[in-house]
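Take a look at the structure below.
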Amino acid sequence: MNILPALKSRFRSALAGLLEDRAEIEKSLDLIRRSQDAKFGDYQANVAMPLGKKLGKPPREVAANIIERLDIADLCQTPEIAGPGFINLRVKDEWLVERLTAAVRDDRLGVPQVEKPRTYVVDYSAPNVAKPMHVGHIRSTVIGDALCRTLKFLGHNAIGDNHIGDWGTQFGMILYGYKNFLDREAYRENPVEELARLYKLVRKIVDDEKTQAVVADRESTEAKVLRETAKLHAGDAENRRLWEEFLPACEDEINRVYGRLNVTFDHALGESFYEDRLAAVVEELLKKGLARESDGAICVFFKDEKGEEEKVPMIVRKQDGAFLYATTDLATIRYRMETWSPDAILYVVDHRQGMHFKHLFAAARMLGYENLELEHVSFGTVLSDDGKPFKTRSGETVGLEILLDEAVRRAGEIVAANDDAKSGGPELSPERRAEIAEIVGIGALKYADLSQNRTSDYVFSYDKMLAMNGNTATYMQYAYARVRSIFAKGNTDVEAMRVSGVKISLAHPAERALAMEILRFSEALELAVFDYRPNQLTSYLFELANRYFTFYENCHVLNAETDELRQSRLLLCDLTARTIRKGLELLGIRVVEKM
RNA sequence: GCGCCCGUAGCUCAAUGGAUAGAGCAGCGGAUUUCUAAUCCGCUGGUUGUGGGUUCGAGUCCCGCCGGGCGUACCA
């Protein structure tokens, strides 16, 4: 058992004599946390202050009562009462050593599987296949993938589903463009590029018409686009044939990007998959009296807090009979419930769609999905350094691959410069350098996003993400490579060492601090999953790498005073390397042995 | 207008209602016959936009104000 659960277990027993209500006890246990400052010990229990009020006693007295009942001597040194009633706890070194020894031989590094696995559907990335992926897809893709991996590692049944946009208006744009502006030669050579050009062209025409006075007796391009979409949805043979022709090429394109990003999905059930389930959703809403016709559209209206009807409804069928993403999303919830009956569905989608999800979730509850946790895991916008949404100088959105290429190019420069500067001369071949640059560059891009609190906007900067200092993937990958190089230099048989039964020593404060952090890995994972914030994991890894380097400066490994100490420190190195590697793996970031 | 989100060090950002609000960058000062210095150690830097309230305790919760972003009926 890890530190925090162990502490909670002891406090649970101690509090049982003081409090009747089990729920109250569990609530109190949440107030046991890691100390912010080492001088207050390793962990602190803040339970006595609120309890003091409830029991009508001074908090310090309550704290003393709790300590009296606490059976913790094997785990901690004598608890101390401080300030208004904090209980400070310092874990015994013997206990840490015991846990570390267990972790050394454990593939999971001592991280337990959850006792009650839940089933999660994680809905992330969801690009429109009709247009190339761009900067706006990074966050959803990267955060969703990391959450999915972490949930799985903790023992949950997590299902990653890429709800790709393969059925909406954007296909109407392409169909219209194909029929009116196609460059056959270009299409034959690179269909995806030509379709992307057509999409942008039609999009521009539609947008331009909106700012100009449209000639009244002429149908707008937007209307023509919508008609192509409607024809596709109605089963028009030609549009259907074109759709089937376009789709595979578009999918190959996005899959190539996922390959580079090291992102995977369990399913990729796009909007078109739900095509024949949409009408039934609308019918059910009508039948149950949840939806009604308004201005020719079928709408679900919601009540606000005062019980008054909100002005803006959720439209599930348009005047022209076409369905919208609200309809698709409802059909998708139903399908997911029928197929996987999940406990939760997480939508990793940017914050601007907040109202859509508020409506969607309300509608889902009205349809009877009341025990299903529906979560909009929202995130902010990617900005450039002028504080405005990240665009090219001409105002266009930036293609995702251009970003990847530039990050990799810059990483390549850094890798080459470092290798050239090595005291023994360069040790990496040009091919190896290129492989490392790809891993470092893409890792930097992903980590920069994941290390940010997802709810806020963030400023995109190559310099920041590839910085060699600070909370970056580069720093973490470097720490990993440094640890691994010790094994290479020392000709260490790591596998043999793990089963050798060497006793780990924590005599030096830097050793102990590192050990403590290694054992906190599962805590960090639980925090990351608790409110779906991978930055909890990156913060942990940064702290771990920091403590490793402090250890590295203070505690010589290969030239340790005795062989036992050398073995002990090698084990700490091994645990550090494995924890960094596993942590980065859960973020979808790879490591290299040399850089 | 209404709704949602945000405002923390010069800059970029952390901080499940807990002790003296933390990092990185930038600035200043140290450490290298190196286990890869892409490192480490120290210093400087704050009325957490603002005014109230709740609480033993507020950056965090509630209300007002100021400033910013986003959304607001047939795109997603």
Side-chain angles (χ1 to χ4, degrees), chain A residues 30-31 33 35-37 39-40 44 46 49-50 52-53 58-59 82-86 88 126 128 165 168-170 172-173 206 222 225-226 229 271 294-299 304 310-320 322 324-326 328 349-356 358 378 380-381 383 385 387-389 414-415 417-419 421-424 427 451-453 455-459 461 463-464 466-472 474-475 477-479 481-483 485-490 527 530-531 533 535-536 539 542-543 546 549-550 552-554 556-559 573 594-595:
Chain A
D30 281 339
L31 296 172
R33 350 188 133 157
S35 297
Q36 284 204 354
D37 194 319
K39 75 181 171 209
F40 299 131
Q44 61 182 53
N46 304 333
M49 283 86 79
K53 176 132 180 151
F86 295 104
N88 290 337
N128 289 320
T169 312
Q170 70 302 132
M173 298 235 182
V206 169
E222 186 176 27
V225 166
L226 290 176
T229 312
E271 291 175 340
S294 170
D295 285 348
I298 306 298
C299 305
D304 64 16
E310 288 178 5
K311 262 188 176 168
V312 180
M314 180 174 83
I315 299 175
V316 291
R317 197 176 74 198
K318 303 198 290 183
Q319 285 175 330
D320 64 8
L324 295 102
Y325 80 142
T328 316
V349 180
D350 80 273
H351 73 280
R352 287 173 302 189
Q353 296 194 38
M355 195 169 77
H356 165 66
K358 202 179 138 215
S378 75
T381 310
L383 309 173
D385 48 18
K388 296 193 176 134
I414 291 167
V415 170
N418 182 57
D419 194 38
K422 279 178 187 158
S423 50
E427 47 185 36
S451 59
Q452 206 79 198
N453 183 332
T455 57
S456 47
D457 295 345
Y458 89 96
V459 177
S461 156
D463 288 337
K464 240 177 49 183
L466 283 161
M468 302 148 186
N469 284 354
N471 191 6
T472 64
T474 318
Y475 179 83
Q477 287 165 327
Y478 177 65
R482 288 283 291 267
V483 184
S485 78
I486 289 181
F487 294 142
K489 193 133 197 164
L527 278 175
F530 173 71
D531 50 5
R533 285 198 331 201
N535 70 310
Q536 297 280 5
S539 295
F542 181 52
E543 183 69 27
N546 269 328
F549 277 120
T550 300
Y552 178 90
E553 295 288 327
N554 288 285
H556 216 280
V557 178
L558 294 177
N559 297 335
C573 288
K594 285 182 177 178
M595 58 193 286

Give one of base, sugar-phosphate or nothing for [X], where a contact means two heavy atoms less than 4.0 Å apart.
| X | value |
| --- | --- |
| Val312(A) | sugar-phosphate |
| Leu226(A) | sugar-phosphate |
| Phe549(A) | sugar-phosphate |
| Glu271(A) | sugar-phosphate |
| Lys39(A) | base |
| Ala481(A) | base |
| Asn453(A) | sugar-phosphate |
| Leu324(A) | sugar-phosphate |
| Ala421(A) | nothing |
| Met595(A) | base |
| Asp30(A) | base |
| Glu427(A) | nothing |
| Pro84(A) | nothing |
| Arg482(A) | base |

Consider the side chain of [X], meaning its heavy atoms from C-beta on, and name the nucleotide among [options] that approaches it most closely.
| X | options | result |
| --- | --- | --- |
| Asn46(A) | G18(B), U12(B), A76(B) | G18(B) |
| His556(A) | C35(B), C75(B), A38(B) | C35(B) |
| Met468(A) | C13(B), U16(B), A38(B) | A38(B) |
| Phe530(A) | G24(B), A73(B), U16(B) | U16(B) |
| Thr169(A) | A76(B), A15(B), A23(B) | A76(B) |

Who is the Watson-Crick or G-U wobble partner of [N], with both distances under 3.5 Å?
| N | value |
| --- | --- |
| G67(B) | C6(B) |
| G42(B) | C28(B) |
| U47(B) | none |
| A21(B) | none |
| C61(B) | G53(B) |
| U36(B) | none |
| U72(B) | G1(B) |

Spacing of the [atom1] atoms in [M] and [N] (rounded, Å):
| N | M | atom1 | answer |
| --- | --- | --- | --- |
| G46(B) | G64(B) | C1' | 25 Å |
| C25(B) | U20(B) | P | 28 Å |
| C5(B) | G52(B) | P | 25 Å |
| G45(B) | C11(B) | C1' | 13 Å |
| C65(B) | C4(B) | P | 14 Å |
| U60(B) | C75(B) | P | 42 Å |
| G67(B) | U50(B) | P | 15 Å |
| G49(B) | G71(B) | P | 25 Å |

Compare all side-chain heavy atoms of [X] with those of [Y] and state whether any distance is below 4.5 angstrom.
| X | Y | result |
| --- | --- | --- |
| Cys573(A) | Val557(A) | yes |
| Lys464(A) | Tyr458(A) | no |
| Thr381(A) | His351(A) | yes |

Check: [N] base within 3.5 Å donor-acceptor of [X] side chain:
| X | N | answer |
| --- | --- | --- |
| Gln44(A) | A19(B) | yes |
| Asp419(A) | A38(B) | no |
| Ser294(A) | A73(B) | yes |
| Asn418(A) | A38(B) | yes |

Under the 5.5 Å and 30° test, is Phe86(A) stacked on the base of A19(B)? yes
Using the rule for Phe, Tyr, His and the six-membered ring of Trp, do Phe40(A) and A19(B) stack at under 5.5 Å and under 30°? yes
Any side-chain N or O of [X] below 4.0 angstrom from OP1/OP2 of [N]?
| X | N | result |
| --- | --- | --- |
| Asn471(A) | A14(B) | no |
| Asn535(A) | C13(B) | no |
| His351(A) | C70(B) | no |
| Ser485(A) | C35(B) | no |
| Tyr475(A) | C40(B) | yes |
| Arg33(A) | G17(B) | no |
| Ser451(A) | A23(B) | no |
| Asn554(A) | C41(B) | no |

Rounded to the nearest 0.5 Å, what separation is found between the [atom1] atom of [X] and the [atom2] atom of [Y]?
| X | Y | atom1 | atom2 | value |
| --- | --- | --- | --- | --- |
| Ser451(A) | Asn471(A) | OG | CG | 5.0 Å |
| Met468(A) | Ile414(A) | CE | CD1 | 4.5 Å |
| Arg482(A) | Phe549(A) | CZ | CZ | 5.0 Å |
| Lys358(A) | Glu310(A) | NZ | CD | 4.5 Å |
| Phe530(A) | Gln536(A) | CZ | CD | 10.0 Å |

Distance in angstrom units between [X] [atom1] and [N] [atom2], rounded:
| X | N | atom1 | atom2 | result |
| --- | --- | --- | --- | --- |
| Gln353(A) | A73(B) | CD | C1' | 16 Å |
| Asp531(A) | A15(B) | CG | C1' | 12 Å |
| Met314(A) | C75(B) | CE | C1' | 16 Å |

RNA chain B nearest-nucleotide lookup for Lys489(A) and Ile298(A): closer to the 5′ end is Lys489(A)
Walking RNA chain B from its 5' end, the first of Thr550(A) and Thr474(A) to be reached, judged by nearest nucleotide, is Thr474(A)
Could you tell me if Thr455(A) and Asn453(A) have a donor-acceptor pair between their side chains, going purely by distance under 3.5 Å? yes
Check: Tyr475(A) ring centroid to Phe542(A) ring centroid under 6.0 Å: yes
